[in-house]
Amino acid sequence: MRPVTCAGRPRRPRRAGRWSSLSTLCCARRTATTAGRTGQYSRLQHVENLHTLAPLLAASDERQRTVLRLRQGQELTQTEIGAHLGVSQMHVSRILKRTLAVLRAGMLD
């Protein structure tokens, strides 16, 4: 059986010390802060995460939001996203890396 995120989707592999997706970061943050707690507190933490992310996403440019939406929302591969946007897979990887780093830093502050 494959490990799953709190959203029920398969967890993407991560390298040492790096989160591979924003949902993994949110789940890990929530798990770490709500250990032993359930129910309403967990739902409130989820809402807090969404409110923290909203201004960070609004501050990112349209291309970054599009790449995130295609990768996280529609679960397209980097190659598929590159074909959709007319850029290379490597460029998509760089966009994702920079965007996730900014969002990660904002979530942890």
Q: Taking side chain to side chain contact (heavy atoms under 4.5 Å, CB included) as the test, write out the residues that go with V87, two or more places apart.
A: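 Result, side chain to side chain contact (heavy atoms under 4.5 Å, CB included) vs V87: R63, L85, H91, V92.
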
Q: Atom CZ of R104 and atom CG of L56: how far apart are they, to the nearest 0.5 Å?
A: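 Interatomic distance, R104 CZ to L56 CG, rounded to 0.5 Å: 12.5 Å.
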
Q: Is there a donor-acceptor contact under 3.5 Å from the side chain of R71 to the main chain of L76?
A: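 Pair found, side chain donor or acceptor close to backbone of L76.
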
Q: From I81 CD1 over to R69 CZ, what is the distance, rounded to the nearest 0.5 angstrom?
A: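 Answer rounded to 0.5 Å: 9.5 Å.
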
Q: Sort and list the pairs that fulfil side chain to side chain donor-acceptor pair (under 3.5 Å) and have at least one residue in residues 80-90, not counting sequence neighbours.
A: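 For residues 80-90, and leaving out neighbouring residues, the side chain to side chain donor-acceptor pair (under 3.5 Å) pairs sorted by first residue read T77-E80, Q78-Q89.
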
Q: How long is the span from the CG atom in L68 to the CG atom in L100, to the nearest 0.5 Å?
A: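 Interatomic distance, L68 CG to L100 CG, rounded to 0.5 Å: 6.0 Å.
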
Q: Can you find a pair of side-chain heavy atoms, one from E48 and one from Q45, that are under 4.5 Å apart?
A: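 Side-chain contact under 4.5 Å: yes.
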
Q: Taking C-beta and beyond as the side chain, do T52 and D109 meet within less than 4.5 Å on heavy atoms?
A: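 A side-chain contact under 4.5 Å is absent here.
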
Q: State, yes or no, whether a side-chain contact exists between V47 and R43 at a heavy-atom distance under 4.5 Å.
A: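 Of all side-chain heavy-atom pairs linking R43 with V47, none is under 4.5 Å.
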
Q: Would you indicate whether the side-chain heavy atoms of T99 and V67 approach each other to under 4.5 Å?
A: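 Of all side-chain heavy-atom pairs linking T99 with V67, none is under 4.5 Å.
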
